[in-house]
A.B. asks: 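Dumping the structure here so I can ask a few things about it.
Every chain is numbered from 1, with letters handed out A, B, ... down the list of sequences.
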Number of protein chains: 2
Amino acid sequence: MRDKTKKESLNKEKIYLTQSYLKHPLPQGMLKELSEGLKDINRYPSGGEYAKLRQVLAEYIGINKENILPANGSDEVIEIVTRAYKGEVLIPIPTFSQYEASADRSGLRKVLVNCLHNREYNINYSAEQLEKASLVWICNPNNPTGTRIPREKIMDILQRAKGMVVVDECNYEYLGETVVDLIDKYENLVISRSFSKNFGLAGLRLGFAISNPQNIKKLADFGQYFRVNRMAEKAAEKVLKYLDYYQEVWEKMKKVRDKFVWQINELGFSAYDSKANFVLVEFKNKKETEKIWKHLKENSIYALPGWENEFSGLKDQFIRFTIGEEWEMDKVIEVLYDYVNKKQKPA
Amino acid sequence: MRDKTKKESLNKEKIYLTQSYLKHPLPQGMLKELSEGLKDINRYPSGGEYAKLRQVLAEYIGINKENILPANGSDEVIEIVTRAYKGEVLIPIPTFSQYEASADRSGLRKVLVNCLHNREYNINYSAEQLEKASLVWICNPNNPTGTRIPREKIMDILQRAKGMVVVDECNYEYLGETVVDLIDKYENLVISRSFSKNFGLAGLRLGFAISNPQNIKKLADFGQYFRVNRMAEKAAEKVLKYLDYYQEVWEKMKKVRDKFVWQINELGFSAYDSKANFVLVEFKNKKETEKIWKHLKENSIYALPGWENEFSGLKDQFIRFTIGEEWEMDKVIEVLYDYVNKKQKPA
């Protein structure tokens, strides 16, 4: 809880809405338990099989541990999958930058397919593209647009794709929809999940791949033995004891997010409907966006503009805002309101 | 410090001498500081440049931060280097298994050169091998033999090799010798270091590559953005405040190690002279080794035999013992003494 002193100094406080980590304090009891776990960090992580960690994650998801491969954040899941299914990579832009970055590191051919038309993000891979690709990316909800990808659309892609289809569900906790139940139906389905973002463990790094046991075995060959550190292993178990707390936080953030979208549109800008913990806002053109981004910065608010290359194929007239605490988003609206009104009045 | 209760239950206590982590309690003050750092694990690690971490490591080594690339343990250094210098990989066996594992993950051709002849480990790459290889490994001191590789030998290999030469110095803290001063003299030199083993941070994972800025830039292209977790970043700075404590521990362990080597040889077995925190023991043949390993296990002592494939090219008549606390090594000697005497008496 923020105290009075903090409220009074609001105007000077810097508000970072760039990275999409959980901006809420972590459960005190969880931190205390974790801190007791520090005493044996001289010992190696479990490594290799990560049997206990996989069991913990499997129980949370409702699958078997043979369906899971833990990794050093979902970035490493992306890296491992890319190395395992080399060939041509289909990437639905604008989207998360790491699909492209991993393809580059492996020297693979990338096909960037623009899926944003008339302010609608819609994955429109052609039959030919799906025939040729060895690896097909779907980010659900998509980052940075926040768009929900309908289940029927994912199933359609799974049926038509010759290669492996990876559904990045690292924001599952906000969307509440998954295709985990399809891993036995479609042999070419891999799902990427994360505890980093939504459980407030971004600093510890914990992501994991979900698929059938054959695919998981193949993926394991491309990952190192000690991928996940010992503290992340411990944390996975501990955060799940506080699931009620996290669920409350997620519900609260969804409300803050929806209010923010509504307010942005009320101000005359164009916010994309989001099912994640960030909101993409489109402005008239690059010039206006630069002005607004500068105005926000002058008011100590930092967000991610299109030109910073944090996303594949995001144009310059966009800014992505991570959803912070309610007072932070209120402050953004206040500063933008100020911008709109200044602009309309003569100097 | 072990209390009396613990001493009394000695016979039942399991002694693990398999993994080579620091088997001493970590400085209490360091653990306390680290535990305070847990509260912001919801935030991402620095990522990318890791400017502060690199500065901290650079100051410890006495070089510039542009000479350093931090990674998720030195295993990830091995992985990154292997991906960056693809081609033919020269591996001096018996040695650490990860050089081979990383080469396999990248589908590279491996040339395993046997360097152990007449109980002497001596890296004897041929001119032709050094002409053809894109990547040449030297582990100093070598794991599992513990052998010091003379500086002149390393310089000779650097001069003759056409490809990149990587000197794995992850046990530098015990050896006390380095070729870091040669990174400007030889363009083809990369050094791998670690805080995991000797600073008792195996659970957090922290390794780093050292080379000239051009090589470091190239290596960075093959690593992920968030390689090192936030707790490992914090820990690097904190452990260096306790360097005196660690130096005392390392000195103590060296004494325990040397006494262990002497005692093993006194018992009539053959221990290799070690400059690391482990000792390799050679027995008569596989049959004797199996008997002894079983006898140790029956007495709750666990060590690494050649047949467990933890090392590239280690034969079956070997067992590697990590150096634990003095009472643990005394117990090993006691159990082996018992084995030798039982054997000599009629049943």
A.B. asks: At a heavy-atom separation under 4.5 Å, does B:L26 approach chain A through its side chain, its backbone, both, or neither?
C.D. replies: side chain

A.B. asks: Heavy-atom pairs under 4.5 Å with chain A are the metric here; pick the option from B:N72, B:D75, B:D40 that has the most.
C.D. replies: B:N72

A.B. asks: Using a 6.0 Å cut-off, check whether atom CD of B:E49 has over 12 heavy atoms from anything other than its own residue.
C.D. replies: no

A.B. asks: Side-chain contact test, heavy atoms from C-beta onward, threshold under 4.5 Å: evaluate it for A:L204 versus B:M231 and give yes or no.
C.D. replies: yes

A.B. asks: Considering only heavy atoms, which portion of B:E76 lies under 4.5 Å from any heavy atom of chain A: side chain, backbone, both, or neither?
C.D. replies: both

A.B. asks: Which region of B:D221, side chain (C-beta onward) or backbone (N, CA, C, O), has a non-hydrogen atom less than 4.5 Å from a non-hydrogen atom of chain A, or is it both or neither?
C.D. replies: backbone

A.B. asks: Looking at CG of A:L38 and CE of B:M30, how far apart are the two atoms once the value is rounded to the nearest 0.5 Å?
C.D. replies: 8.5 Å

A.B. asks: Are there over 12 heavy-atom neighbours, none belonging to A:E248, within less than 6.0 Å of that residue's CD?
C.D. replies: no

A.B. asks: Which atoms of A:K23 come close to chain B, meaning under 4.5 Å heavy atom to heavy atom: side chain ones, backbone ones, both, or neither?
C.D. replies: backbone

A.B. asks: Check whether B:N42 reaches the backbone of A:L201 with its side chain - one donor and one acceptor, N or O, closer than 3.5 Å.
C.D. replies: no

A.B. asks: Taking B:F226, B:F199, B:Y16 one by one, which has the highest count of heavy-atom pairs under 4.5 Å against chain A?
C.D. replies: B:F226

A.B. asks: Checking salt bridge (charged side-chain N to carboxylate O under 4.0 Å, His left out) between B:E79 and each of A:R105, A:R83, A:R227, which is the one that passes?
C.D. replies: A:R83

A.B. asks: Would you mind telling me which of B:Q28, B:K39, B:E36, B:R205 has the largest number of heavy-atom pairs within less than 4.5 Å of chain A?
C.D. replies: B:R205

A.B. asks: At a heavy-atom separation under 4.5 Å, does B:S106 approach chain A through its side chain, its backbone, both, or neither?
C.D. replies: both

A.B. asks: Return the minimal non-hydrogen interatomic distance between B:S35 and A:S35, and the atom names on each side.
C.D. replies: CB-CB, 3.7 Å

A.B. asks: Relative to chain B, which segment of A:Q224 carries a heavy atom at a distance below 4.5 Å: side chain, backbone, both, or neither?
C.D. replies: both

A.B. asks: In Å, rounded to the nearest 0.5 Å, how long is the span from OH of B:Y225 to OG of A:S97?
C.D. replies: 9.5 Å

A.B. asks: Quick one: of A:A232, A:A235, A:G223, who has the most non-hydrogen atom pairs under 4.5 Å with chain B?
C.D. replies: A:G223

A.B. asks: I need the B:I41 CD1 to A:L22 CG distance, nearest 0.5 Å.
C.D. replies: 11.0 Å

